[in-house]
Amino acid sequence: MTRYNPSQTEPEWQAAWEAAGCFTARHDPARPKYYVLEMFPYPSGRIHIGHVRNYTMGDVIARYKMSCGFSVLHPMGWDAFGMPAENAAMEQGGHPKAWTYGNIAVMRDQMKPLGLSIDWSREFATCDPEYYGQQQAMFLDMLDAGLVYRKAATVNWDPVDMTVLANEQVIDGKGWRSGAVVERRELTQWFFRISDFAGELLDALDGLDSWPEKVRLMQANWIGKSRGLQFAFSTLDAPEGFDRIEVYTTRPDTLLGASFVAISADHPLAKHLERHDPAVAGFCADCRHVGTSEEALETAEKKGMDTGIRVRHPFDPEWELPVYIANFILMDYGTGAIFGCPAHDQRDFDFATKYGLPIPAVFVSEGADEAPLAEAYVPPKTEPVRYIRGFAGAALQTGEAAVDAAIAHCEAAGVGRGVTNYRLRDWGLSRQRYWGCPIPVVHCEACGVVPERKENLPVVLPDDVTFDLPGNPLDRHPTWRDCACPKCGAPARRETDTMDTFVDSSWYYARFTAPRAATPTDAAEVDYWMNVDQYIGGIEHAILHLLYSRFFARAMHKTGHLPAKAIEPFDALFTQGMVTHEIYMTRDAAGRPVYHLPEEVERAEGGVRLKANGAAVEVIPSAKMSKSKKNVVDPVAIIRDFGADTARWFMLSDSPPERDVEWTAAGAEAAYRHLGRVWRLADEIARSDAPALPDEDAALTRAMHRTIAEVTAGIEGFAFNSAVARLYAFTNTLAKSGAGAETRRMAMRTLAQLMSPMVPHLAEEVWQMLGGDGLAVQAAWPKADPAMLVEDTVTLPIQVNGKRRSEITVPKDMSKEEVEKCALADDAVQRALNGGAPKKLIVVPGRIVNVVI
RNA sequence: GCCCGCGUGGUGGAAUGGUAGACACAGGGGACUUAAAAUCCCUAGGCCGGAAGGCCGUGCCGGUUCGAGUCCGGCCGCGGGCACCA
């Protein structure tokens, strides 16, 4: 007898699908389309078990939609520009291009055995000149449309390596390679005007009702709309030209709680003072040694320096406040200056305490008196509080109301104006790196910044570069930089900055609709395929990638590359969890940790041991897989040992897709055993000649329809683990069923279809064994018969005081009164009542009965 | 530091405010086998009890409710993001 043998049959079915052209996306106006997209991978070198999970989920949706009659687009590509390729070139020699395309080839070969329903004819990498050339064309259109501009911005500068560092390359304020203390440096850089779209990007979140609420919330907070007051303090003893300091505050109601003014070290006043005062210069230099990331700024010790300058309080000419330079004020947000109200802001409180500044309370909780504060009092803005230093509105009001009243009062008094501010900053896209899309402009001494002519695109990266020196090889390339000005023809210099890789990933979804088009998009194709019906990816992209893509789609619309309907490119979003694994650790003689791969250890009596020498292994609970901790599982080995279907089945079972899943060898083996069980069951049923048995046949048919309904709902609702559980249950039901052979064959074929999106190879195998017509992948999705789902009785739990004490089974449509009667007659209820009458009787029809005593 | 999540048996997890632990893994017991593997069957949150049954139980503390894993407030722990990692 033959056995379940995935290593032989899986490649055969993949060949059969390819021969039948099952996964070629067809622009068929007669059929509804469905566009499934998983976030494309970075070609790091090998596929990861997390990729298997991500792409399996997308594949389930794609295959399910195919069998529901949709024309499906399910493409794959590579997010191929970025730092790791340059790092590899620096560390191991070679060229980023060779490294990247080599990795892509390996990963494509590793991915294909998974049997994904991908239309590989649409594959591209963002580092293909055909792709980035179109990106350059759009950049020029956006430049023309005023969506791109240049301004100065700060970067992390490594003074030893003489290079710009990414935030992740700054560790504890030092360069990762050189160890030198990082400096902030200003460079002129390119920006997208995303902040012009802040209000629209925020408002449009409401329409994204198939996005996770948490992602919408995170984006809304990131955009950070606030209503506040912008006004100026007039200064005393300030240098010329600085007679006013503009500040922005979201809490103008606390103006009478002001204790100090703090400005950023990058504020024009700070920069002015720096030039004349060595002490200020020293302090500002210190501030600039903190990296540019908000995290670094916020977690650094809060420090300030009194400038000696004083400002007058706008409501009291006698009241003077000191002006500090502080390391936690961002020049990029608001005006780069704030007033501190220590009583109602913890950061200001800490600052005031540190520098011995007053802490006057503005409001107290409703019934309280003013008393010295041990910490800042920061109640929710919606809570009514009593204002003791208020100046507008009622004494007792909410923070919200007080802010509105304060703005109105200040505007009337001529102190500033109410403004709406956004936290969202413009998107800096310049990168001082080689392996990215060149920014297609030229710097000409006579003409200034000149866009490259479209017919000269793509501006291709030169291949002859070296990575023996830090910094951007384009900057020191002997000939590439030199060019003629597209306007006047004089000798000019190419822009050597390349684009942020987020640009590449902000429109790839549109390119997949016409990947070989001679323009960025093809109107007919984007019109048919957009939007992405289901986008799937990691929660780590909740803010930046998704927000940039939403902006870019709008910018593409404005420049004629996308229709209006595509300005929100992703109709539905699903964020899946990570795959984790235990970490196995021993220690060397010096007590340093040594990590071990999962295949190097075994479970033995009394714990986990090394296979090599039996040494006891410390097991650290599940963590995100990382090479350095060696808790990685190689999908290639799993597929070799168990087959793709086992890997797919395991990735879908047990854990809910949005949550992290732990890979365990036992779980994978269990998945394999189950698939073998299904195979044997199919084999047994195919041979059976059992006669029909009306009761058994009817029961099995009912169970089958219930399973169809449950599995369909599970797939539609991204509850793959629940769908898998129903499939387990139905497999057990089918195995034990005494129904006749014909009914069991029908049920088995249905089971194969329901399993097909998840374990497509096994499904084909079973479908074929049971005489299914054609390929299972092309069969229409089974439909549950609603009549088969109706139950005529229902079991109601009976609670006494909220605790389950008994249950009754009653006809589904029994009246409330009769249910009450049955419940009260129940033994357990009688016992509890002990002859008395219930205080209350709650009957929720079809659900529960609660007797309150 | 700020924003967003998550926390349920030995394990992964299920559960429109309505029977907590579906479905599985590991475990225990049994069948088959010369034996093992494979397979099949039974069992299974903890405590007390022979059983019937009872008490406890969804990170911790409190609240709302006839009823809370689910809603609200406060804490603890873990994870994601913080604009140049992708």
Side-chain angles (χ1 to χ4, degrees), chain A residues 39 41-42 44 79 81-84 153 155-156 164-170 189 194 212-215 217-222 224 291-300 302 328 332 346-347 350 423-433 500-502 504-505 538-545 547-548 575 577-578 580 603 621-624 653-656 658-662 664 666-667 669-671 673-674 676-677 680 719 721-722 724-729 732 735 795-799 801-807 828 838-842 844 846-852:
Chain A
M39 290 179 187
Y42 179 79
S44 56
D79 188 12
F81 275 135
M83 285 203 308
V155 293
N156 299 305
V164 176
L165 297 178
N167 283 334
E168 71 157 9
Q169 296 175 316
V170 179
Q189 312 216 61
I194 188 173
E213 186 57 41
K214 61 178 171 183
V215 174
L217 237 184
M218 282 191 257
Q219 292 217 351
N221 289 337
W222 185 262
T292 56
S293 75
E294 192 174 313
E295 186 192 4
L297 289 169
E298 288 281 333
T299 51
K302 309 289 180 287
F328 55 87
D332 292 322
Q346 191 57 42
R347 195 178 57 185
D350 296 341
R423 202 185 76 101
L424 181 66
R425 311 198 294 256
D426 276 337
W427 170 11
L429 68 118
S430 296
R431 296 292 180 272
Q432 293 71 40
R433 272 183 255 290
D500 178 9
T501 56
F502 274 124
D504 312 337
S505 56
I539 186 67
E540 67 273 21
H541 297 293
I543 297 174
L544 293 179
H545 162 60
L547 190 63
Y548 288 155
T575 56
M578 298 180 301
T580 63
R603 307 228 159 230
S622 229
K624 179 175 170 172
S653 34
D654 290 351
S655 278
E658 68 277 13
R659 231 192 280 179
D660 293 350
V661 61
E662 186 182 3
T664 62
E669 280 158 27
R673 277 204 302 275
H674 179 74
R677 193 150 53 226
R680 284 191 305 276
N721 55 324
S722 296
V724 167
R726 295 341 300 162
L727 289 166
Y728 267 109
N732 291 338
T795 300
L796 297 178
I798 308 219
Q799 295 182 334
N801 289 337
K803 282 187 180 160
R804 184 186 169 281
R805 281 296 119 102
S806 181
E807 63 182 35
K839 265 195 211 151
K840 201 168 177 181
L841 193 54
I842 289 145
V844 183
R847 295 242 68 129
I848 203 163
V849 178
N850 191 7
V851 184
V852 185

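A, B, ... follow the sequence lines: proteins, then strands. Residue 1 opens every chain.
Taking atom P in both B:rC71 and B:rG18, one finds a spacing of 11 Å when rounded to whole Å. The gap from the P atom of B:rG53 to that of B:rA44 amounts to 14 Å, rounded to the nearest Å. Using atom C1' as the reference point in both B:rG28 and B:rG67, the two lie 36 Å apart (nearest Å). Nucleotides B:rG17 and B:rA24 are separated by 26 Å at their P atoms, to the nearest Å. Between B:rG13 and B:rC84, the distance separating the two C1' atoms is 40 Å to the nearest Å. Separation of the P atoms belonging to B:rA68 and B:rC60 is 15 Å when rounded to the nearest angstrom. Distance noted for atom P between B:rU33 and B:rA20: 44 Å (whole Å). Nucleotides B:rG79 and B:rU8 are separated by 15 Å at their P atoms, to the nearest Å.
Judged by distance alone, with hydrogens and angles left aside, A:N850 brings a side-chain donor or acceptor within reach of the base of B:rC66, the pair sitting under 3.5 Å. For a distance-only test at 3.5 Å, the side chain of A:R847 qualifies as a donor-acceptor partner of the base of B:rU16. In terms of polar N and O atoms assigned as donor or acceptor, the side chain of A:Q219 never comes within less than 3.5 Å of the base of B:rC4 in a complementary pairing.
If you check B:rU19, B:rC40, B:rG81 against the side chain of A:R680, the one that comes closest is B:rC40. Closest contact between the side chain of A:R673 and the listed nucleotides B:rA86, B:rA26, B:rG80 involves B:rA26. Among the nucleotides B:rC4, B:rG13, B:rC84, the one closest to the side chain of A:N221 is B:rC4. Taking the side chain of A:I842 as heavy atoms from C-beta on, and the options B:rA86, B:rG80, B:rG18, the nearest nucleotide is B:rG18. Side-chain proximity of A:Q189 to B:rA83, B:rC84, B:rG18: nearest is B:rC84.
Proximity of a side-chain donor or acceptor of A:E298 to a complementary backbone N or O of A:E295 within less than 3.5 Å is not detected. Proximity of a side-chain donor or acceptor of A:Q219 to a complementary backbone N or O of A:A542 within less than 3.5 Å is detected.
At a threshold of 4.5 Å between non-hydrogen side-chain atoms, the residues A:R805 and A:I798 do not count as touching. Under the 4.5 Å side-chain criterion, counting only non-hydrogen atoms from C-beta, A:I194 is in contact with A:D426. Side-chain contact between A:P797 and A:I848: present, with at least one pair of heavy atoms (C-beta onward) separated by less than 4.5 Å. Counting only heavy atoms from C-beta outward, the side chains of A:N801 and A:N850 never approach each other to under 4.5 Å.
Contacts of A:R347 with the nucleic acid, taken as non-hydrogen atoms under 4.0 Å apart, are absent. The residue A:S655 sits close only to the backbone: its heavy atoms come under 4.0 Å of sugar-phosphate atoms, none of a base. At the heavy-atom level, A:V170 lies nowhere under 4.0 Å from the strands shown. Residue A:H545 is classed as having no contact, given no heavy-atom separation below 4.0 Å to the nucleic acid. Base contact: A:W222 has a heavy atom under 4.0 Å from a base atom. Nucleic acid contact for A:K302: none, since no nucleic acid atom lies under 4.0 Å from a heavy atom of the residue. Counting any heavy atom pair closer than 4.0 Å across all strands shown, A:V844 reaches a base atom. Residue A:S505 is out of contact with every strand shown, counting any heavy-atom pair closer than 4.0 Å. Using a 4.0 Å heavy-atom cutoff across all strands shown, A:G428 reaches sugar-phosphate atoms only and no base atom. Nucleic acid contact for A:L796: none, since no nucleic acid atom lies under 4.0 Å from a heavy atom of the residue. Residue A:P656 is classed as a sugar-phosphate contact, given heavy-atom separations below 4.0 Å to backbone atoms only. Contacts of A:L217 with the nucleic acid, taken as non-hydrogen atoms under 4.0 Å apart, involve only primed sugar atoms and P, OP1 or OP2. No contact: A:E213 has no heavy atom under 4.0 Å from any strand. Contacts of A:E669 with the nucleic acid, taken as non-hydrogen atoms under 4.0 Å apart, are absent.
With rounding to whole Å, A:R805 atom CZ is found 14 Å from B:rA52 atom C1'. Straight-line distance from the CD atom of A:E658 to the P atom of B:rG80: 17 Å, rounded to whole Å. Rounded to a whole Å, the CD atom of A:E295 is 12 Å from the P atom of B:rG80. A:N801 has its CG atom 17 Å from the P atom of B:rU19, to the nearest Å. Atom CZ in A:R423 sits about 11 Å away from atom P in B:rC82, given to the nearest Å. Between A:R425 atom CZ and B:rC3 atom C1' the separation is 14 Å, expressed in whole Å. As a whole-Å value, the separation of A:F328 CZ from B:rC2 P is 13 Å. The separation between A:E294 atom CD and B:rC84 atom C1' is 15 Å, rounded to whole Å.
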At a cut-off of 3.5 Å, list every protein nitrogen or oxygen paired with a nitrogen or oxygen from nucleotides 20-24 of chain B, distance to 0.1 Å.
| residue | atom | partner | partner atom | Å |
| --- | --- | --- | --- | --- |
| B:rA24 | OP1 | A:N732 | ND2 | 2.6 |

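Using modelled atom types, one finds a donor on one side chain and an acceptor on the other under 3.5 Å when comparing A:T292 with A:N156. No hydrogens or angles considered: nothing links the side chains of A:D79 and A:T501 as a donor-acceptor pair under 3.5 Å. Side chains of A:Q432 and A:Q189: a donor-acceptor N/O pair is present below 3.5 angstrom, by distance only.
An OP1 or OP2 oxygen of B:rC66 is reached within less than 4.0 angstrom by a side-chain nitrogen or oxygen of A:K840. The phosphate of B:rC56 (OP1 or OP2) has a side-chain N or O of A:K803 nearer than 4.0 angstrom. Note on A:R659: every side-chain N or O is 4.0 Å or more away from OP1 and OP2 of B:rC6.
Because its glycosidic torsion is more than 90° from 0, B:rG73 is reported here as anti.
By the 30° and 60° cut-offs, the orientation of the rings of A:H545 relative to A:F502 is parallel.
Toward the 5′ end of RNA chain B lies the nearest nucleotide of A:T299, the other residue of the pair A:A719 and A:T299 mapping further downstream.
A:E294 has a carboxylate O that lies under 4.0 Å from a charged side-chain N of A:R423, or vice versa, which qualifies the two as a salt bridge.
If you check B:rC40 for Watson-Crick or wobble pairing at under 3.5 angstrom, you find it paired to B:rG30.
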